[in-house]
Amino acid sequence: MRGTDEASGSLFSYVDLEERVPERHPLRLIRRIVNDALASLDVEFDALYTDFGRPSIAPERLIRASLLQILFSIRSERQLMEQMNYNLLFRWFVGLGIDDRVWVPTVFSKNRDRLLTTEMSRKVMAAILSHPEVKPLLSDEHFSVDGTLIKAWASMKSFQPKDSTPPPYDDDPGAPSPPSAEETSPDSSQPQQTETPPMPDTPRQTRNAEVNFRGEKRSNATHASVTDPDARLYKKAPGAAAMLCFMGHTLMENRNGLIVQAELNHADGHGERKAALEMLNRHSPGSTRRLTLGADKGYDSADFIAALRRMVVTPHVAQKARHSAIDGRTTQHPGYALSQRRRKKIEEPFGWAKTVGGMAQTLHRGLDRVRATFTMTMAACNLARLPKLLAA
């Protein structure tokens, strides 16, 4: 018998979100680990909020929603709120009921920016890695390090001399002309009888003006971006185009390729080696165990190798063709070749962060905000791999 295509509204709803999500859905395992990690940070959350005033969005829900935005490549907070309004899976993961109202996008962004600082993002990543099910997956002796460029949210036109001011008007021939003095000045012969004077017309500011860079020498010493002063003009490979960017770094354990530390700083030639030492000190402060660190040729520097040896870390760094700081005492061991093979796996989190996590070009400005976002993206990358690793 043919069914009828008629829709009738229901007065009551008995939808249970827990029953709607399949038992073997990957988000079930991710949500359980995230909930346990956030429960361990309860004291940290209490220290961030006062005991009076209007209640804010729960920090646990803010972090779960931010992880959800990264895992599902949602490009903006407005689109995230829109999808949470009708997606039952998203509501279940964040912790909203079927009848709970979704937050206003601007309110969500303000609350999240106050919570997810660099320090809090690192604590969230550490809490996830300290989970009883995740900790056995990590290696505590063998690591790899590498860096990648994160394109800044600033155009090349914003990279202007530090001692100059931008032109007052756009030189686009199709743009409207600026108001004249007769248009902006009030007519004295016909005074307006109002309680407050009307707001005068302000000249239109420069936007997307035509700029010719030919023959102009530009460097970070003489120029800076007016959009994001923390961005730096840099290129990582010879022959590549320079761009305004940041430099992101990760420290990976070699057993399963999980990221244990993340850092982001200004893009320069010494940023990779400096960040590597900082991440090692943060991950294993004062360690006396013999560790190994795999890296590419960019880390083959005499001062960096000497610093690693003082930290009781064996530098499994790829050798340069000439003037290498690595000699046969290191390369003759079988572990050196193994570290060189395993270190290439560190490129996979970088690729995931740029294709899925939205880090090909950051949507934030300022070093601190981009660093916090990069750290949270690497924590989400670890979470995305956990269902397969724990099922093996």
Side-chain angles (χ1 to χ4, degrees), residues 122 139-150 219-222 230-243 245-255 257 259-350 367 371 374-375 378:
R122 289 172 179 171
S139 171
D140 56 355
E141 294 181 349
H142 308 290
F143 302 93
S144 296
V145 67
D146 203 357
T148 187
L149 296 183
I150 305 297
S219 67
N220 292 317
T222 58
D230 288 333
R232 296 291 184 269
L233 189 66
Y234 188 76
K235 62 178 181 179
K236 197 173 182 181
M243 63 179 180
C245 59
F246 300 92
M247 184 172 287
H249 317 270
T250 56
L251 181 68
M252 181 192 73
E253 56 84 27
N254 286 355
R255 179 177 297 170
I259 303 300
V260 296
Q261 289 291 334
E263 184 60 68
L264 185 135
N265 53 21
H266 296 297
D268 57 52
H270 304 280
E272 285 187 323
R273 297 186 289 272
K274 180 180 178 181
L277 297 176
E278 292 178 356
M279 289 187 293
L280 278 173
N281 285 323
R282 196 163 60 236
H283 182 69
S284 302
S287 175
T288 57
R289 300 185 59 184
R290 174 64 64 177
L291 308 179
T292 65
L293 182 69
D296 57 22
K297 294 181 180 179
Y299 296 84
D300 189 1
S301 173
D303 55 347
F304 179 71
I305 300 301
L308 289 182
R309 297 191 185 278
R310 288 193 298 268
M311 297 170 59
V312 200
V313 178
T314 302
H316 287 176
V317 179
Q319 282 185 300
K320 292 181 180 178
R322 298 176 59 187
H323 308 295
S324 175
I326 302 295
D327 52 25
R329 294 175 298 175
T330 302
T331 59
Q332 67 180 351
H333 296 284
Y336 176 82
L338 181 61
S339 293
Q340 285 298 301
R341 289 196 300 268
R342 293 296 295 174
R343 71 168 178 84
K344 298 178 181 179
K345 194 174 180 63
I346 202 172
E347 300 293 342
E348 296 179 8
F350 289 152
L367 188 64
R371 183 188 292 124
F374 180 75
T375 304
M378 288 304 163

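Side-chain atoms are counted along with the backbone in the values below, which use heavy atoms only and exclude waters and symmetry mates. Count residues from 1 along the sequence.
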Between S139 and N254, do the side chains contain an N or O donor and an N or O acceptor separated by less than 3.5 Å? no
How close do Y299 and A276 get, counting heavy atoms only, and between which atoms? CE2-CB, 4.0 Å
Is S339 reaching over with its side chain to a backbone N or O of G335, donor-acceptor style, under 3.5 angstrom? yes
Does the R282 side chain pair with the main chain of A262, one donor and one acceptor, at a distance under 3.5 Å? yes
Just wondering, more than 12 heavy atoms not from H333 lying within 6.0 Å of its NE2? yes
Are H249 and N265 close enough that a side-chain donor and a side-chain acceptor fall under 3.5 Å? yes
Between the main-chain N or O of R232 and the side-chain N or O of N220, is there a donor-acceptor pair closer than 3.5 Å? no
Could you measure the distance from the OG atom of S301 to the NE2 atom of H323? Nearest 0.5 Å is fine. 13.0 Å
So L308 and L293, side chain to side chain contact (heavy atoms under 4.5 Å, CB included) or not? Walk me through it. CA-CA 9 Å; L308 289 182; L293 182 69; 3.9 Å; yes
Who are the side chain to side chain contact (heavy atoms under 4.5 Å, CB included) partners of T314, not counting sequence neighbours? R290, T292, H316, T330
What's the shortest heavy-atom distance between L149 and C245, and which atoms? CD2-SG, 4.0 Å
With a cut-off of 6.0 Å (strictly less than), are more than 12 heavy atoms of other residues, nucleotides or ligands near NZ of K297? no
Please answer whether the main-chain N or O of D230 pairs with a side-chain N or O of H266 as donor and acceptor at a distance below 3.5 Å. yes
So Y234 and M247, side chain to side chain contact (heavy atoms under 4.5 Å, CB included) or not? Walk me through it. CA-CA 9 Å; Y234 188 76; M247 184 172 287; 3.5 Å; yes
On a heavy-atom basis, the closest approach of R371 and L264 is NE-O, 2.9 Å
Give the intermediate values and the outcome of side chain to side chain contact (heavy atoms under 4.5 Å, CB included) for residues S219 and L233. CA-CA 7 Å; S219 67; L233 189 66; over 6 Å; no
Any chance you could measure D300, atom CG, to R273, atom CZ, to the nearest 0.5 Å? 9.5 Å
Partners meeting salt bridge (charged side-chain N to carboxylate O under 4.0 Å, His left out) with E348 (sequence neighbours left out): K345
Give a yes or no on this: more than 12 heavy atoms of other residues, nucleotides or ligands lie within 6.0 Å of atom NZ of K236. yes
State whether the side chain of S324 and the backbone N or O of I326 hold a donor-acceptor pair below 3.5 Å, judged by distance alone. yes
Heavy-atom pair of closest approach, residues I259 and Q261: CG2-O, 3.3 Å
Over all atoms of both residues, closest heavy-atom pair of L280 and M311: CB-CE, 3.7 Å
Check whether any side-chain N or O of R255 sits under 3.5 Å from a backbone N or O of D140 as a donor-acceptor pair, and report yes or no. no
Under 4.5 Å between any side-chain heavy atoms of L338 and R341, yes or no? yes
Which heavy atom of P315 sits nearest a heavy atom of I305, and at what distance? CB-CD1, 3.6 Å
Show your reasoning for whether ring-ring contact (aromatic ring centres under 6.0 Å, His included) applies to F143 and H283. CA-CA 11 Å; F143 302 93; H283 182 69; 5.2 Å; yes
State whether E263 and R122 are salt-bridged, where the test is any N-O pair (Lys NZ or Arg NE/NH1/NH2 against Asp/Glu carboxylate O) under 4.0 Å. yes
Under the criterion side-chain contact (heavy atoms from CB on, under 4.5 Å), which of K344, E272, M252 is the partner of D146? E272
Quick one: do R343 and D296 satisfy side chain to side chain contact (heavy atoms under 4.5 Å, CB included)? Show the steps, please. CA-CA 8 Å; R343 71 168 178 84; D296 57 22; 3.6 Å; yes
